[in-house]
Amino acid sequence: MIAGSTGANMPTEKNYLRRRLQMVDEQLMARGINDRRVLDVMRYLPRHEFVGEEYKPYAYDDTPLPTQEGQTISQPYMVAFMSERLRLKPDHKVLEIGTGSGYQTAILCELTNYVYSVERYSRLADAAGERLSQLEYDNVDIHVGDGSQGLPDMALYDRIMVTAAVPKIPGVLCSQLRVIGGRMILPVGDHEQQELKLITRRGDRFSSRTLLKVRFVPMIGRYGFETGTGDDPLVF
Ligand code: SAH
């Protein structure tokens, strides 16, 4: 902590860069993330631009941070882990559910051809859209709405990333995956704890693997919590 006049403890750009490189070494590489493209983009992308002024000094800490509307920006390791496990390719079309701060969205924009992202709060969607255009991303389309139903108009997607927890795997999302080799990653469980699952599609066959125990904010919506109707047939 630097003592002195007001604002003296706000890190400089150079300090942010130093912390960011340290984050990649100590939080990502040390824990086994080794996808070069994911590591490179996380070395480059200014996470501090995606959090409120009061959280900037903590932007490269090993933790999720609060954003507006009581939501969170995911922990850097979780962002890296999910991005790596999706095996993103430059020609992929991706659907992200839960835009939030737009940090994960920016990473998807760097690693793939086009990203559709859905957020239920228009205030978050607008702020994320503004940030992403300031950072000159033009391969993204942010929609305001209930992402638990996916975005059927633009389907199919090579990859789907869900960053809010669902009580069970929404079949409607599975059906929006590319028929051969489509992949989706999502947290499934209750409010307290979930399992991060990786779904792979091969025609009408879907396989599911559990990767990690995680804790995400709940998805609110038709196939999420609270307003869920529970009438969505499971695909498997
Ligand atoms: N990837 C984001 C994480 C945001 S937290 C980031 O790193 O910043 C999860 C987000 O999902 C929240 O912004 C929340 O508002 C959003 N969300 C919750 N239910 C949703 C729904 N049904 N449709 C779309 N977004 C939803």
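FYI, the numbering just counts along the sequence from 1. All heavy atoms count here, side chains included; hydrogens, waters and symmetry mates do not. One-based numbering, in listed order, for ligands and for the atoms of each.
Within the 4.0 Å heavy-atom criterion, both parts of I73, backbone and side chain, lie near ligand 1. When heavy-atom distances to ligand 1 are checked against a 4.0 Å cut-off, V79 has no atom that comes that close, whether in backbone or side chain.
Evaluation of the side-chain contact (heavy atoms from CB on, under 4.5 Å) rule for V41 yields I107, E110, L111 as partners, not counting sequence neighbours.
Counting protein heavy atoms only, atom 6 (C) of ligand 1 is closest to S101 OG, 3.6 Å.
The shortest separation from a heavy atom of G224 to ligand 1 is not under 4.0 Å, leaving the residue out of contact. Not a single heavy atom of P64 sits under 4.0 Å from any atom of ligand 1. Residue contacts with ligand 1: Y121 is included, with a non-hydrogen atom under 4.0 Å away.
Ring geometry, F50 versus Y103: the interplanar angle exceeds 60°, so the pair is classed perpendicular (tilted spans 30 to 60°).
Comment: K93 does not engage D158 in a salt bridge, judged by the lack of any side-chain N to carboxylate O separation of less than 4.0 angstrom.
Note: the hydrophobic cluster containing L135 also contains Y16 (ILVMFWY, side chain heavy atoms under 4.5 Å, direct or indirect links).
Numbered from 1 in the order shown, with element, the atoms of ligand 1 that lie under 4.0 Å from a heavy atom of Q104 read 1 (N).
Ligand 1 has no N or O atom lying under 3.5 Å from any N or O atom of Y103, backbone or side chain.
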Return all side-chain donor-acceptor pairs below 3.5 angstrom for residues 63-74, not counting sequence neighbours, or 'none' if the list is empty.
| unit_1 | atom_1 | unit_2 | atom_2 | d |
| --- | --- | --- | --- | --- |
| T67 | OG1 | Q71 | O | 3.2 |
| E69 | OE2 | R123 | NE | 3.0 |
| Q71 | NE2 | E69 | O | 3.1 |

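Distances from atom 5 (S) of ligand 1 to the heavy atoms of T72, D146, L108 put T72 nearest.
A distance-only check finds no donor-acceptor pair linking the side chain of D146 to the backbone of G221 [under 3.5 Å].
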